[in-house]
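This report concerns only the one structure given below.
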2 protein chains.
Amino acid sequence: MRGYDKYAYEPFAVTVDLAVLTIRGGALHVLLVERGQEPYAGHWALPGGFLLPDESAETAARRELAEETGLSDVSGLHLEQLRTYSEPDRDPRMRVVSVAFTALLPDAPEPHGGGDAAQARWRPYDSAGPLAFDHDRILADAHDRVGAQLESSCLATAFCPPEFTLGELQQVYETVWGLGLDRPNFRRKVLATPGFVEPVPGAARLTGGRGKPAALYRAGTATVLHPPLLRPSREGRPA
Amino acid sequence: MRGYDKYAYEPFAVTVDLAVLTIRGGALHVLLVERGQEPYAGHWALPGGFLLPDESAETAARRELAEETGLSDVSGLHLEQLRTYSEPDRDPRMRVVSVAFTALLPDAPEPHGGGDAAQARWRPYDSAGPLAFDHDRILADAHDRVGAQLESSCLATAFCPPEFTLGELQQVYETVWGLGLDRPNFRRKVLATPGFVEPVPGAARLTGGRGKPAALYRAGTATVLHPPLLRPSREGRPA
DNA sequence: CTCTTTATAGTCGAGATGACTCTTAAAGGG
DNA sequence: CCCTTTAAGAGTCATCTCGACTATAAAGAG
């Protein structure tokens, strides 16, 4: 806060950018909007927008999320600050500082384009880029962060509907991490972690096709995983 | 980025705030500056300042760090973005969005007050508050983040001088976590993690007092701890 | 009915971890 | 000079965890 009254300070435009992730058909998807104006007209970008005068970045992010996804209730969705991007040349027109957020959605309703002309669409994460501005970097950072958080938090349930099977939960891990997990071991680990999931008493769901019906679970009260659910590392031990 | 040309956007003042942490005499300390002007004149605050027109937040943070600590070379110090604070009322004078950083220092030279009149001083973390603005919250968030990062990264060496003993490294963990660790187990764990530390060939240091001289180590090349060094949880297993 | 598919239960060994004990090498006091 | 104190570092041992794997149960397809 030094220099408040001593030096002139530069005014900046402040925006929020959202990396909205969901899982559709076993693949990680991200919500993108098509830009209608220069620069990057016709390119895809992460949804976002300017802070209003009386909004915090969190408030603005939640407002933008509601606008872009068309969901009526975004109050329960997982929204978390990622980091702030402030390189001087990240927007060719002017100095823009952007606070990026990650949002995780359980189901994936088609976005209805928000309130303006730009169309919005779910795109597979692997074929999302190249995006406008530095959004490729933001998206990659969001993926890294979410992948790391799956290890030590109960975040995975944010990708799942209110009631889900352990198979669905496992698919969240496999999809985000991009690798397969052993089903009995995953099950043992999840059930041994108090507060991660709690069984829905009598319910079982036909998973939509063949096979034995799976028991249903709800997200538990815990937020951190103790001990963590570590993803297998490539280098086990170079003894 | 929607609405760039459609809506007016509010200009914001953008600052950086720094939670500069070090360990002095077995206690966590934080660098504070005394405010000379209203609001909060006479209160202590985290060092920080406005972004210059052509600076990224990271560049500004490193510049402020050099100014506030008086260190000639801050290029090697650990500096990391924490999060951005943007509540509309966090500064009573105007709308200020602040990007907060954590910085970790090995040794603790007395700060020489920077280039302006405000005095700067190391304060014990436990008796640091109350601070100006929302800096208590920022400082607490920084402590949480650093504590969590000690578990899964090699960050602890950032608190240590270039050559250090395992006892000193352990004290970093104990100080930040606020609990005692078993020395042989800590030693075993650190040495079993490839790339965490590497021995300085023939060197041993008289630790300054009684006891067997300890071997010296340098920070290794690894950045992540696989597997992590978990802090003991209060609830071991309520079986 | 039989095969396939998916959920769930159980087994087994290697590795990691927590709680200890013991030895070694220095300083300091008498 | 000897003995105590202090801290480093080596080693032990039981337990827990985890990965790999096998087996059983419950559904649909043919």
Side-chain angles (χ1 to χ4, degrees), chain A residues 26 150-152 160 163-174 177 179-194 196-197 199-200 202-217 225-239, chain B residues 25-26 150-152 160 163-174 177 179-194 196-200 202-217 225-239:
Chain A
L150 286 190
E151 291 190 324
S152 55
C160 296
E163 298 189 344
F164 52 87
T165 68
L166 292 186
E168 291 167 348
L169 187 66
Q170 180 175 350
Q171 215 183 37
V172 170
Y173 279 87
E174 294 179 333
W177 286 349
L179 43 83
L181 300 175
D182 180 83
R183 192 181 287 270
N185 291 342
F186 179 84
R187 171 185 201 77
R188 182 218 295 158
K189 175 71 183 169
V190 170
L191 294 180
T193 303
F196 192 2
V197 298
V200 178
R205 189 203 301 176
L206 289 308
T207 50
R210 299 177 271 277
K212 180 176 176 177
L216 287 177
Y217 294 84
L225 256 44
H226 248 300
L229 204 162
L230 298 176
R231 70 187 117 181
S233 56
R234 6 241 140 271
E235 6 101 78
R237 175 150 319 275
Chain B
L150 287 190
E151 290 190 324
S152 55
C160 295
E163 297 188 346
F164 51 88
T165 69
L166 292 187
E168 291 167 348
L169 187 67
Q170 180 176 349
Q171 214 183 37
V172 171
Y173 279 87
E174 294 180 332
W177 286 349
L179 43 83
L181 300 175
D182 179 83
R183 191 182 288 271
N185 290 341
F186 180 83
R187 170 184 202 77
R188 183 219 293 157
K189 175 70 183 171
V190 169
L191 294 181
T193 302
F196 192 2
V197 298
E198 53 188 33
V200 178
R205 188 204 302 177
L206 289 308
T207 49
R210 300 176 271 277
K212 180 176 176 177
L216 288 177
Y217 294 84
L225 257 44
H226 249 299
L229 203 162
L230 298 176
R231 71 186 114 181
S233 57
R234 8 239 138 274
E235 5 101 77
R237 176 153 318 275

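Just so it is clear: chains get the letters A, B, ... in the order the sequence lines come, proteins before strands, and each one is counted from 1. These values consider heavy atoms only, across backbone and side chains, with no hydrogens, waters or symmetry-generated copies.
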Using the 3.5 Å cut-off, write out each protein N or O paired with an N or O of nucleotides 2-5 of chain D and the distance between them.
none

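The interatomic distance linking A/His226 (NE2) with D/dT17 (C1') rounds to 15 Å, in whole Å. In this structure, B/Lys212 places its NZ atom 14 Å from P of C/dA27, rounding to the nearest Å. Counting to the nearest Å, the P atom of C/dT6 and the CD atom of A/Glu168 are 13 Å from each other. Atom P of nucleotide D/dA20 and atom CZ of A/Arg183 are separated by 16 Å, given to the nearest angstrom. Whole-Å rounding puts the B/Leu230 CG to D/dC16 C1' distance at 13 Å.
The shortest side-chain heavy-atom distance between B/Lys189 and B/Pro227 falls under the 4.5 Å cut-off. At least one side-chain heavy atom of B/Tyr173 sits less than 4.5 Å from a side-chain heavy atom of B/Leu229.
You'll find that the side chain of B/Pro227 is closest to C/dT17, out of C/dA9, C/dT17, D/dG9. Minimum atom distance to the side chain of A/Pro213 is reached by D/dA27, of the listed D/dA8, C/dA9, D/dA27. Residue A/Arg188 has its side chain nearest to D/dG19 when only D/dT22, C/dT21, D/dG19 are considered. Nearest nucleotide to the B/Asn185 side chain, out of D/dG9, D/dC21, C/dG18: C/dG18. The side chain of A/Lys189 has D/dC18 as its nearest neighbour among D/dA10, D/dC18, C/dT8.
With A/Arg187 as the partner, the side-chain contact (heavy atoms from CB on, under 4.5 Å) test is satisfied by one option alone out of A/Asp182, A/Leu181, A/Leu166: A/Leu166.
The CD atom of A/Glu163 sits 10.5 Å away from the CD atom of A/Glu168 when rounded to the nearest 0.5 Å.
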side-chain contact (heavy atoms from CB on, under 4.5 Å) between B/Phe164 and B/Val172, worked out
CA-CA 11 Å; B/Phe164 51 88; B/Val172 171; over 6 Å; no
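When the nearest nucleotides of DNA chain D are assigned to A/Asp182 and B/Asp182 by heavy-atom distance, the more 5′-ward of the two goes with B/Asp182.
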